[in-house]
Protein chains: 2
Amino acid sequence: MEEIDARIAAVLAADGRCSFTDLAERVGLSVSAVHQRVRRLEKRGVIRSYAALIDGDQIGLPLTAFVSLTPIDPAAPDDYPLALATIEEIESCHSVAGVESYIIKVRVASPSALEALLARIRAVAAVSTRTTVVLSTPFEHRPLLAAVAAQPGTAPPVPD
Amino acid sequence: MEEIDARIAAVLAADGRCSFTDLAERVGLSVSAVHQRVRRLEKRGVIRSYAALIDGDQIGLPLTAFVSLTPIDPAAPDDYPLALATIEEIESCHSVAGVESYIIKVRVASPSALEALLARIRAVAAVSTRTTVVLSTPFEHRPLLAAVAAQPGTAPPVPD
DNA sequence: ACTGAAACCGAATCCGT
DNA sequence: ACGGATTCGGTTTCAGT
């Protein structure tokens with residue numbers, strides 16, 4: 001991917017509602033050129049989607065936890081992701097290397113809601129669980145493109 | 001928070017670039033009313049920001065890992081988040097309950113980049129690290145508002 | 001692949017309820 | 001707090017280089 005595409009992606013990663021007009025100014029291209037590039041980034045899947053990032057505390061889901069899952073029967077067919085996807089409290093699901101097979105991130109309203117959620121997880125997935133409660137989140141959702149966008153792919157235009 | 005605000009937040013969580021016109025149709029209000037509500041959700045911090053979600057694989061950061069951090073000196077002042085925030089490869093940082101003090105999520109280009117990153121983390125933070133490599137991500141960034149938005153807060157308007 | 005212009009549509013504001 | 005109208009600016013498309 002080119003440097004200019006990386007910069008466009010970086011801007012949108014940090015400000016998902018940035019207008020094409022602003023974007024054009026920031027990267028030094030015409031509006032229609034940026035438009036073209038953004039559509040291409042979307043089509044290629046570099047930009048997967050756009051999202052409003054919501055504060056869990058303010059929507060009645062103040063408790064975040066990471067839950068590590070270990071299959072009870074190691075020989076069981078691995079369709080856990082499908083089963084887990086049906087549970088809405090699970091925000092993300094990662095298959096991982098190590099003693100445990102999956103790490104999922106969940107958000108719930110209360111400790112008792114967490115307890116009920118863990119029961120549901122064990123019910124749909126035949127796993128044992130290990131839960132790590134999040135106390136606070138100093139930061140999250142940081143755009144990872146700053147470094148990528150900063151790297152000089154082609155030389156920047158020389159000012160005269 | 002009201003039900004209608006929850007629905008607005010849910011729509012924007014799933015489609016961060018949704019227009020006010022679309023939003024108005026979806027929640028059954030006028031454009032100016034939703035506009036007002038969205039601005040209020042932003043001001044109150046319910047909507048923290050908007051972001052384009054980027055595919056790490058496509059920007060040269062195919063390796064994701066969770067790193068658990070344990071302070072070497074348990075009595076040391078806890079300014080780890082500040083130190084960690086300077087490292088761009090760290091996407092999120094959570095303080096957690098348990099044997100370890102923090103769980104961070106990182107994205108890097110390669111195993112050797114991960115090795116270098118871990119060295120940097122230990123350098124800035126005086127911690128021991130335990131790393132869990134992500135093999136695949138069945139899903140992530142799921143909007144957690146579906147359940148919240150579905151719950152009937154006030155009764156819906158009665159059609160005549 | 002980028003520019004510039006044209007046509008269209010959405011955003012933002014104001015006023016009235 | 002909502003709706004409707006207005007104005008302004010952004011989006012989208014097209015033709016040209």
Side-chain angles (χ1 to χ4, degrees), chain A residues 1-54 58-60 145 148-149 151-160, chain B residues 1-54 58-60 145 148-149 151-160:
Chain A
M1 193 176 60
E2 290 169 75
E3 188 235 341
I4 200 149
D5 280 342
R7 281 175 55 200
I8 288 172
V11 171
L12 287 172
D15 176 11
R17 282 188 86 102
C18 182
S19 72
F20 290 93
T21 310
D22 280 7
L23 211 41
E25 279 186 22
R26 294 230 228 164
V27 303
L29 270 162
S30 70
V31 176
S32 45
V34 211
H35 187 269
Q36 203 174 38
R37 280 173 178 268
V38 170
R39 293 297 178 233
R40 194 177 56 191
L41 289 169
E42 292 168 351
K43 190 154 143 279
R44 289 182 182 167
V46 176
I47 295 173
R48 296 235 289 235
S49 65
Y50 299 91
L53 305 182
I54 306 296
Q58 297 220 35
I59 56 163
L145 279 147
V148 177
Q151 90 188 349
T154 54
V158 180
D160 51 8
Chain B
M1 191 176 61
E2 292 170 74
E3 189 235 342
I4 198 149
D5 279 341
R7 280 176 55 200
I8 289 172
V11 171
L12 286 172
D15 176 10
R17 283 189 85 105
C18 182
S19 72
F20 289 86
T21 310
D22 281 6
L23 210 42
E25 278 185 23
R26 294 231 227 163
V27 302
L29 267 151
S30 70
V31 176
S32 45
V34 276
H35 188 269
Q36 204 173 36
R37 280 172 178 270
V38 169
R39 292 299 176 233
R40 194 177 56 192
L41 289 169
E42 291 167 354
K43 193 155 143 279
R44 289 183 183 166
V46 177
I47 295 173
R48 297 234 292 233
S49 65
Y50 298 91
L53 304 182
I54 305 296
Q58 297 219 35
I59 56 162
L145 278 149
V148 177
Q151 90 187 351
T154 55
V158 180
D160 50 7

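A note on names: the letters A, B, ... follow the listed sequences, proteins ahead of strands, and every chain is numbered from 1. The figures that follow rest on heavy atoms only: side chains count, while hydrogens, waters and symmetry mates do not.
In this structure, A/Arg26 contributes its side chain and A/Arg7 its backbone to no donor-acceptor pair below 3.5 Å.
Between A/Gln36 and B/Arg17, it is A/Gln36 whose nearest contact on DNA chain C lies nearer the 5' terminus. Along DNA chain C, the nucleotide nearest to A/Ala33 and the one nearest to B/Cys18 differ in position, and the one closer to the 5' end is contacted by A/Ala33.
B/Leu23 contributes atom CG, which lies 9.5 Å from atom CG of B/Leu29 (distance to the nearest 0.5 angstrom). Rounded to the nearest 0.5 angstrom, A/Ile8 CD1 and A/Glu3 CD are separated by 10.0 Å. With rounding to the nearest 0.5 Å, the separation of CG in A/Asp15 from OH in A/Tyr50 is 11.0 Å.
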Filtered N/O pairs between nucleotides 12-16 of chain D and protein, under 3.5 Å:
unit_1: D/dT12; atom_1: OP1; unit_2: A/Arg39; atom_2: NH2; d: 3.3
unit_1: D/dT12; atom_1: OP2; unit_2: A/His35; atom_2: NE2; d: 3.1
unit_1: D/dT12; atom_1: OP2; unit_2: A/Arg39; atom_2: NH2; d: 2.5

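Out of C/dA11, C/dC2, D/dG3, the shortest distance to the side chain of B/Thr21 is found at C/dA11. Taking only side-chain atoms of B/Ser19, from C-beta outward, the nucleotide of D/dC2, C/dT3, C/dA11 with the closest atom is C/dA11. The A/Arg40 side chain lies nearest to C/dA1 when the options are D/dC2, C/dG10, C/dA1.
Separating the CG atom of A/Leu29 from the P atom of C/dA1 is a distance of 12 Å, rounded to the nearest angstrom. In this structure, CG of B/Asp5 is placed 13 Å from C1' of D/dC2, rounded to the nearest angstrom. Taking atom CD of residue A/Glu25 and atom P of nucleotide D/dT11, one finds them 12 Å apart after rounding to whole Å. Per the geometry, CG belonging to A/Asp22 stands 11 Å off C1' belonging to D/dG9, to the nearest Å. Rounded to a whole Å, the OH atom of A/Tyr50 is 11 Å from the P atom of D/dT11.
For A/Arg39, the salt bridge (charged side-chain N to carboxylate O under 4.0 Å, His left out) partners are A/Glu42, not counting sequence neighbours.
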Using side-chain contact (heavy atoms from CB on, under 4.5 Å), reason through B/Asp5 and B/Val46 one step at a time and then give a plain yes or no.
CA-CA 10 Å; B/Asp5 279 341; B/Val46 177; over 6 Å; no
B/Leu53/A/Ile47 under side-chain contact (heavy atoms from CB on, under 4.5 Å): CA gap, chis, key distance, verdict:
CA-CA 6 Å; B/Leu53 304 182; A/Ile47 295 173; over 6 Å; no
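By the 6.0 Å contact criterion, CZ on B/Arg17 is enclosed, its count of non-hydrogen atoms from other residues, nucleotides or ligands being greater than 12.
End-to-end axis angle for the helix from C/dA1-D/dT17 to C/dT17-D/dA1, using five pairs per end and rounding to 10°, comes out at 30°.
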